[in-house]
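Note that the numbering runs from 1 along the sequence shown for the chain. Read the numbers this way: they start at 1 and go in the same order the structure lists the ligands and their atoms.
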Amino acid sequence: TLSWVATVPPAALEEHGVTKAHVNGINVALYAVEGEYFATADLCTHGNASLADGYLDGDLIECPLHQGTFNVKTGEAIDAPCSVAVRTFPVKLQDGVLHVGWE
Ligand code: FES
């Protein structure tokens, strides 16, 4: 079953469109794309880099280490050297806080 974990208010995403939060012992990257919210695991699947430190362009997050990209909505690896999808999580806004769904 899905449990919802409270993370950060949407305002935390205003500056960069992306921020990091702790959820059940791992780091999750939260994204704002055209008024909708998405979440992926924060750790790049290519190496030891934080996607939340990367550059969000539309629905693509560019890894800060080797500039590979992922679609933040689907987790799909888009640009090399990334080739393995990153895990995604459902997000909902409740009581002014973004909640990440955990299975
Ligand atoms: Fe992310 Fe290499 S660690 S692209």
Side-chain angles (χ1 to χ4, degrees):
T1 58
L2 201 62
S3 59
W4 293 97
V5 180
T7 61
V8 297
L13 300 174
E14 264 169 25
E15 196 174 349
H16 301 294
V18 51
T19 197
K20 189 184 311 189
H22 245 85
V23 176
N24 289 347
I26 73 159
N27 285 323
V28 165
L30 289 142
Y31 310 92
V33 181
E34 292 170 359
E36 283 190 272
Y37 300 103
F38 302 92
T40 70
D42 182 53
L43 183 65
C44 183
T45 59
H46 179 254
N48 189 20
S50 163
L51 295 178
D53 291 337
Y55 172 68
L56 182 68
D57 182 12
D59 56 10
L60 293 186
I61 185 71
E62 182 185 87
C63 178
L65 195 50
H66 308 112
Q67 288 72 52
T69 66
F70 299 92
N71 183 305
V72 305
K73 298 178 178 176
T74 63
E76 186 187 357
I78 304 295
D79 288 301
C82 300
S83 59
V84 176
V86 68
R87 182 177 175 185
T88 59
F89 302 90
V91 179
K92 72 173 178 183
L93 183 59
Q94 184 180 314
D95 302 326
V97 175
L98 295 172
H99 288 64
V100 169
W102 186 277
E103 199 123 24

| field | With atom 2 (Fe) of ligand 1 as the apex, the ND1/ND1 angle for His66 and His46 - to 10° | value | 100°
| request: Find all atoms of ligand 1 within a distance of less than 4.0 Å from any non-hydrogen atom belonging to Cys63, and give their numbers and elements. | output: 1 (Fe), 3 (S), 4 (S)
| remark: Heavy-atom proximity to atom 3 (S) of ligand 1, picking from Gly68, Ala77, Gly47, points to Gly47
| message | Is the shortest side-chain heavy-atom distance between Ile61 and Tyr31 below 4.5 Å? | response | yes
| Donor-acceptor under 3.5 Å (Thr7 side chain, Ala21 main chain) | no
| request: Considering the heavy atoms of Leu65, write down every atom of ligand 1 situated less than 4.0 Å from one of them. | output: 3 (S)
| said: I need the contact type for Cys82 against ligand 1. Using non-hydrogen atoms and a strict under-4.0 Å cut-off, is it side chain, backbone, both or neither? | reply: side chain
| said: Whether the side chain of Asp42 engages the backbone of Ser50 through a donor-acceptor N/O pair (distance < 3.5 Å, no angle test) should be reported. | reply: no
| field | Min side-chain heavy-atom separation Thr40-Val28 under 4.5 Å | value | no
| Is a donor on one side and an acceptor on the other found under 3.5 Å between the side chain of Gln67 and the backbone of Pro64? | yes
